[in-house]
Every structure is written in C-alpha cells, then in structure tokens.
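Presented below is the structure to which this report refers.
First the proteins, then the strands, lettered A, B, ... as listed; each starts at 1.
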Amino acid sequence: MPTTTGLDAPPVTRRPQNRGVHIVLDRSGSTGVRATTLNDAGEIVEDATTTMTFDDLPEFVRRHEAQLPRPRWVWPDTRAWYPRLLAADVRIDRCVDLQLCHTILRMSALASDSPLARSPLSAWDAATALDDQPSAPAATLFELDLQTDAESASVVTVSAVDEFRSQSEAVALSRSSGRLRLLLAAESAGALVAAEMRYAGLPYSAERHDRLLTELLGRRPATGARPAVLDDLVGEIRRELDSPLLNPDSPPDLLRALNRAGILATSTRSWELRKVQHPVIEPLLRYKKLSRLMTANGWAWLDAWISDGRFHPDYVPGGVVTGRWATRGGGALQLPRQVRGAVVADDGWKLIVADAAQLEPRILTGLSHDTAMAAAGRGKDLYEGIVASGAVEERSQAKVAMLGAMYGATTGESGRLMPRLKRAFPRAVKLVEDAAAEGEKGEVVTSRLGRSSPRPGASWHAAQSAASDSASTAAEERRARTQARDWGRFTRNFVVQASAAEWALCWMADLRQRLTALAPESRLQDGPHLVYFLHDEVIVHAPAPLADATAAAVRESAVQAGRLLFGDFPVEFPVTTAIVDNYAEAK
DNA sequence: CACGGGTGCGCG
DNA sequence: AAAGCGCGCACCCGTG
C-alpha cells in the first residue's frame with residue numbers, strides 16, 4: 001500500500017455539501033460557446049443547453065452570477081477563459097478547472113481505480129503540451145486549439161461535459177472523496193486567484209525601481225552596454241587578476257584567472273569565494289551581486305514587466321509537481337529582497353503582507369499527528385518550542401534539524417542532530433522517513449488531500465534492475481543506490497511540500513471569499529484584493545480603512561485552512577501580518 | 001544560427 | 001555536495 005499521509009486520521013472537516021447547479025462551458029464550433037446546465041445530480045436539465053458567441057459570454061455569466069445560489073462554472077482551462085470575463089468586470093465565485101483537476105485525478109493514488117485514471121490519454125492530458133499565449137489573454141479563447149499538431153489528431157477528444165462527469169465519478173469512487181473534492185475545489189479557486197492577481201497586478205513603482213538601479217549601477221546605459229559602475233568593477237577585477245581580457249561572466253574564464261592569481265577555488269560561486277583572502281574578492285563579489293541585479297531585474301525587466309504602475313506576472317497554478325505554483329517570465333517568485341521597496345501601495349491604500357510562520361514543519365506536524373511537535377508550536381515560534389522541549393540548545397539548530405528532516409540531510413550539523421530530533425518527535429520524523437523509503441522502492445506517495453508523486457522514469461528503473469542483476473558491477477550498484485536515495489529525498493519532501501501547497505491554496509481560497517465580503521459591491525480592483533503569492537506568503541492591496549479588517553481576514557483564513565486539512569488536530573498555523581506602504585517595510 | 005546542458009543565483 | 005527539497009531565468013559554451 002503506498003504511503004498516504006494521515007488516512008488513518010479522522011476525516012477532513014467538510015463544509016455542508018453545497019452541490020447546487022453546475023454550468024459547463026465549452027467551445028462550440030470555432031467562434032461560439034456552449035453552456036450546459038447540470039442539476040444537483042449531474043444530469044443535463046431539459047432546455048438547459050444554450051450557445052452564444054464569445055462576446056456574449058460575459059453578460060451571460062454576469063446574469064447567472066447575480067442569482068443565488070451562485071452556480072459553479074465548469075470550464076476547460078481558467079487561464080484561457082477567465083481573463084476575458086475579468087476584462088469585462090465580471091468576477092465569478094467558484095469554478096472547476098477541468099485541466100488542472102484532470103491532472104490531479106490522473107495521478108492520484110486515491111483515485112487510481114477510476115475509469116478516468118485507467119482511460120487512454122486524451123486531450124485533457126496534453127495540458128503541458130498546450131502552450132497558449134498568456135500575453136494576449138483576450139485572444140486565447142480563439143487561439144486555443146487542441147488539434148494543432150499532427151500527433152494530437154490521434155488523441156481522444158472528450159467533451160467538457162463528459163470530462164466533468166468522468167471526474168465526478170472518479171472522486172465519488174475514490175478512497176477519500178472528501179479530501180479530493182476539497183483539493184479540486186482549492187486547486188480551481190487557486191486558478192481564479194492567479195488570473196485575478198495577474199489582472200489586477202502587483203502595485204509597483206517603476207520610478208522607485210529606476211532610482212534604485214541608478215543609485216547602484218549608474219545611469220541607464222544604451223541597450224547592450226554595461227553601466228558605468230559595472231564597467232569600473234570589471235576594470236578593477238581585470239587589474240587585480242592581471243587579465244586584461246577577462247570576461248567575469250564566464251565561469252571557466254574566471255576560474256582560470258583566479259587560479260593563475262594563486263587562488264585555489266574549484267568554482268566561482270560567491271559562497272566559495274567569500275572564504276578567500278585576496279584583493280580581487282571584494283570587487284568581484286560586488287560585481288556578481290550588481291550584475292545579477294542588472295540582468296535579472298534591470299531596466300529591460302522594468303520595460304518588459306511593469307506597465308501602468310503594476311507588475312503583471314504570469315502565474316502557473318499547479319506548475320510544479322508538488323502543486324506549487326510556477327511563473328512564466330518575469331521571475332515573479334524570485335523577486336529579490338533588494339527591490340521590494342518598489343512594491344508600493346496606491347495613495348490611500350495599504351499593503352497587507354502576510355507570512356505563514358514555519359509552514360512546512362507545522363504541516364509535517366499535522367500530517368504525522370505529532371502531539372509533541374504540536375505542543376512545541378503552540379502559541380509561539382516552533383523552533384523556540386523545539387528548544388524549550390530540550391531536543392536542541394539553539395533556535396538555529398532546531399531550524400537546521402527540521403529542514404534536514406524534511407529534505408533528507410544525512411551529513412553535517414543537520415545529520416548529526418537527527419537522532420535527537422527523532423527521539424523528541426518520533427512521529428514526525430517517522431513520517432518523512434517512511435515517505436523516503438517508499439520513494440527508494442519506486443513507490444508513489446500522496447499528500448494530505450490526495451496529490452500523488454510521479455513515478456520515477458525508465459532510466460531509474462533500468463538502473464535499479466541493472467544493479468539487481470547477478471552480474472552487476474560495483475559501479476552499477478553504486479549508481480542505483482544513489483538514484484534510489486535521490487528519489488527517496490524527493491518523495492520525502494513531496495509529502496510535506498505538496499501538503500503545504502494545499503494549505504496555501506485553502507488559505508487563499510478562503511481569504512478570497514472574505515475579501516469579497518469586505519467590499520461586496522465593488523469591482524475587483526476597487527476593494528481589498530490579492531496581489532501577490534509566494535508559497536507561504538500573500539500580499540493584499542486594500543483601501544486603508546479596510547486594512548485592519550483585511551489583516552484579520554488573513555489570520556482567520558489561516559485558521560480555517562488548518563481546519564480544512566487537519567480537522568480538530570491541534571496544530572496551529574500562525575501568520576505574521578504587516579500593514580505597510582511598501583513591501584520592504586514588512587519583516 | 002538554434003538548441004540544450006551546465007553554471008550560478010534569486011525565491012520559498 | 002553548500003548537508004538536503006522544489007523552482008525560473010540569464011548567460012556561457014559546445015554541438016549540430
């Protein structure tokens with residue numbers, strides 16, 4: 001039996017079944033939309049199929065969204081369908097993103113017996129191959145075409161209505177329908193949040209950013225040229241290393257020059273160079289830092305990504321195997337601390353910056369029902385609580401030990417602390433060790449709500465069978481062992497990271513509803529709205545008078561997310577909230 | 001000239 | 001190998 005986190009535990013707390021009406025949207029011909037209404041039982045209501053043009057869709061949705069209870073909109077892909085509605089000032093309450101849900105159900109060990117999981121690959125499995133054009137959201141509905149390349153001609157096509165029924169059946173037949181239903185709802189809500197955040201954008205001051213760049217790099221140079229400050233640094237580095245043609249951006253070139261100068265580095269990484277005593281090191285490290293700023297978040301980035309005082313990153317919900325989001329272009333999830341002062345609230349508005357404290361260790365606490373660790377995290381910093389438990393002496397030790405447990409560290413300080421952590425918190429440590437053991441065997445592991453890890457690929461299995469052959473060489477056995485351990489560290493971390501991503505989705509989904517309730521009649525960008533998400537952190541842009549209420553909502557949603565995942569188990573999910581004018585002021 | 005792997009570094 | 005997980009992106013450099 002594959003490892004499934006917490007299935008022995010009491011069922012996830014469920015909201016009352018709120019089935020209501022579903023309206024399935026699908027393409028009809030090349031320019032039209034077909035809307036099919038399904039009743040509580042999932043049956044097509046008589047006379048409930050209508051077709052319309054794409055231009056008529058926003059009004060159709062607005063009309064139905066105004067009626068209570070609101071429908072749940074079922075559509076193939078939020079990325080392609082929702083931006084057009086937002087552009088027409090139409091928001092929706094709830095949806096099913098068939099594409100994202102299909103991927104979850106196809107992979108989930110909880111639904112592995114369903115017809116959906118056993119069916120041949122269909123167009124719904126081609127999600128990642130489908131490269132729609134997010135830069136023109138209004139046009140994607142028309143450009144979206146599942147039949148573009150020759151190969152997909154042989155792929156089975158399944159209508160949105162049939163796919164929705166197939167998914168509903170897979171959930172109903174699964175080993176834990178409450179969890180999967182929650183996961184699919186949270187994933188779909190996340191897709192709505194991503195589209196809304198992209199639409200609203202992160203308030204961003206191009207002026208402040210430009211000022212920062214100019215202070216650090218000098219005036220903006222002509223395209224392709226090096227700013228004055230970097231140019232001077234390159235000159236200094238070349239002189240110190242006596243290498244007049246050195247390109248400091250070329251690691252092999254730089255390493256050779258360093259070695260020639262008697263510096264015995266094996267790589268050119270900053271952390272390694274930091275240990276070296278030599279006059280070139282200081283300007284070199286400064287060059288690396290500033291050059292990074294220039295290439296990743298310089299003027300070109302500013303031109304490409306900031307318009308009308310907003311940063312509009314392209315979020316990709318479910319873009320990571322663990323269910324975390326990814327981004328495409330703009331590097332929104334790597335926004336350096338260095339530039340966060342340019343994230344500025346509008347006049348009369350505030351940024352509410354919220355961060356879930358020690359999220360992953362707390363998730364592990366809930367997954368494993370480790371009451372000792374829950375107690376350590378109650379009402380205080382979890383790492384301090386671990387110190388108070390006597391397991392370790394210093395907060396820094398608690399942190400490195402916890403990270404090591406979740407990432408699979410075997411050596412160094414973290415490895416040395418593991419026995420002590422295990423003695424104090426046996427349940428938590430056992431859960432990740434079991435997950436690692438499953439991965440080393442090539443088995444699948446599953447998150448709290450039912451997202452399963454991928455299986456290792458063909459080359460992994462080939463390496464394992466080569467090593468188990470009686471004629472295997474020592475090298476083959478070593479290679480197989482290394483790969484098995486690598487995969488074990490992946491599955492070890494998967495259960496925690498994937499469950500943390502689920503918590504974050506529930507947090508945002510609940511928060512989104514609370515924010516709407518704070519300003520029910522307004523347009524999205526006129527009331528408090530989410531503008532940024534970073535794994536365990538959110539930013540809400542809110543009118544100043546609503547800032548306190550917004551911060552309270554953020555905290556209440558965190559409590560609710562904990563309940564949704566872990567029911568009555570007493571693990572806490574504290575969030576720090578800061579009400580600020582710019583992002584750099586928070587923590 | 002395009003592509004893909006490697007390196008390095010930003011984020012959690 | 002930075003002790004260990006997950007990413008995206010810019011750049012270099014070898015290959016075709």
For this session: Consider the side chain of A:V400, meaning its heavy atoms from C-beta on, and name the nucleotide among C:dG4, C:dC5, C:dG8 that approaches it most closely.
Result: C:dG4

Problem set entry | Side-chain donor/acceptor of A:Q497 to base of C:dG6, under 3.5 Å | no

Seminar exercise, completed: Considering only heavy side-chain atoms of A:L534, the closest of C:dG4, C:dC7, B:dG12 is B:dG12

For this session: Using a strict 4.0 Å threshold on nitrogen-to-oxygen distance, state whether A:R211 and A:E215 make a salt bridge.
Result: no

Problem set entry | Presence of A:R489 side-chain N/O under 4.0 Å of C:dC5 phosphate oxygens OP1/OP2 | yes

Seminar exercise, completed: If pairing means Watson-Crick or G-U wobble with both distances under 3.5 Å, then the partner of B:dG12 is C:dC5

Problem set entry | Spacing of A:D249 atom CG relative to B:dG8 atom C1', expressed in whole Å | 11 Å

Exercise. A:H535 vs A:F533 aromatic rings, parallel, tilted or perpendicular, using cut-offs 30° and 60°?
Worked result: perpendicular

Exercise. Which value, in whole Å, describes the distance between the P atoms of nucleotides B:dG8 and C:dA1?
Worked result: 9 Å

Exercise. Charged N to carboxylate O under 4.0 angstrom, A:K288 versus A:E272?
Worked result: no

Exercise. Between the side chains of A:T491 and A:E438, is a donor N or O closer than 3.5 angstrom to an acceptor N or O?
Worked result: no

For this session: Assign A:N297 to base, sugar-phosphate, or nothing according to its heavy-atom contacts below 4.0 angstrom with the strands shown.
Result: nothing

For this session: Tell me whether the OP1 or OP2 atom of B:dG10 has a side-chain N or O from A:K289 closer than 4.0 Å.
Result: yes

Problem set entry | Charged N-O contact under 4.0 Å between A:D303 and A:R220 | yes

For this session: Please tell me which of A:T295 and A:R324 maps to the more 5' nucleotide of DNA chain C, matching each residue to the nucleotide holding its nearest heavy atom.
Result: A:R324

Problem set entry | Nearest-neighbour nucleotide for the A:V320 side chain, C:dG8, C:dG6, C:dA3 considered | C:dG6

Problem set entry | Distance in angstrom units between A:K288 NZ and B:dG10 C1', rounded | 13 Å

For this session: Ignoring the backbone of A:R269, work out which of C:dA3, C:dA1, B:dG12 is nearest its side chain.
Result: C:dA1

Exercise. Only one of A:W305, A:W301, A:W299 clears ring pair (Phe, Tyr, Trp, His ring centres under 6.0 Å) with A:H209; which?
Worked result: A:W301

Exercise. Just checking A:G319: base, sugar-phosphate only, or nothing, at a heavy-atom cut-off of under 4.0 Å?
Worked result: nothing

For this session: Quickly work out the A:L403 CG to C:dG6 P distance and round it to whole Å.
Result: 14 Å

Problem set entry | Selected nucleotide, minimal atom distance to A:A409 side chain, candidates C:dG6, C:dG8, C:dA3 | C:dA3

Exercise. C:dA3, B:dG12, C:dC11: which one has an atom nearest the side-chain heavy atoms of A:Y407?
Worked result: B:dG12

Problem set entry | Touch class at under 4.0 angstrom, heavy-atom based, for A:L335 against every strand present | sugar-phosphate

For this session: For A:T327, report the nucleic acid contact type (base, sugar-phosphate, nothing); a contact means any heavy atom under 4.0 Å.
Result: sugar-phosphate

Exercise. Does A:T268 make a side-chain N or O approach to OP1 or OP2 of B:dG8 shorter than 4.0 Å?
Worked result: yes

Exercise. Which one, B:dG10, B:dG8, C:dG6, comes nearest to the side chain of A:P251?
Worked result: B:dG8

Problem set entry | Separation of the C1' atoms in C:dA2 and B:dT7, to the nearest angstrom | 15 Å

Exercise. Mapping A:W305 and A:F490 onto DNA chain C by nearest heavy atom, which one lands closer to the 5' end?
Worked result: A:F490

Exercise. Looking only at side-chain N and O atoms, does A:R337 come under 4.0 Å of OP1 or OP2 in B:dG12?
Worked result: yes

Exercise. What is the distance from CZ of A:R274 to C1' of B:dC9, rounded to the nearest Å?
Worked result: 11 Å

For this session: Would you indicate, yes or no, if B:dG10 has its OP1 or OP2 atom less than 4.0 angstrom from a side-chain nitrogen or oxygen of A:R292?
Result: no

Exercise. A:S250 near the nucleic acid: base, sugar-phosphate alone, or nothing, with a heavy-atom cut-off under 4.0 Å?
Worked result: sugar-phosphate

For this session: Look at the aromatic rings of A:F311 and A:Y204 and report parallel, tilted or perpendicular, splitting at 30° and 60°.
Result: perpendicular

Problem set entry | Euclidean distance, atom CG of residue A:L290 to atom P of B:dG10 [Å, nearest integer] | 11 Å

Exercise. Can A:W271 be called stacked on C:dA2 when the rule is centres closer than 5.5 Å and an angle between planes below 30°?
Worked result: yes

For this session: Compare side-chain N and O positions of A:N493 against OP1 and OP2 of C:dG4 and report whether any pair is under 4.0 Å apart.
Result: no

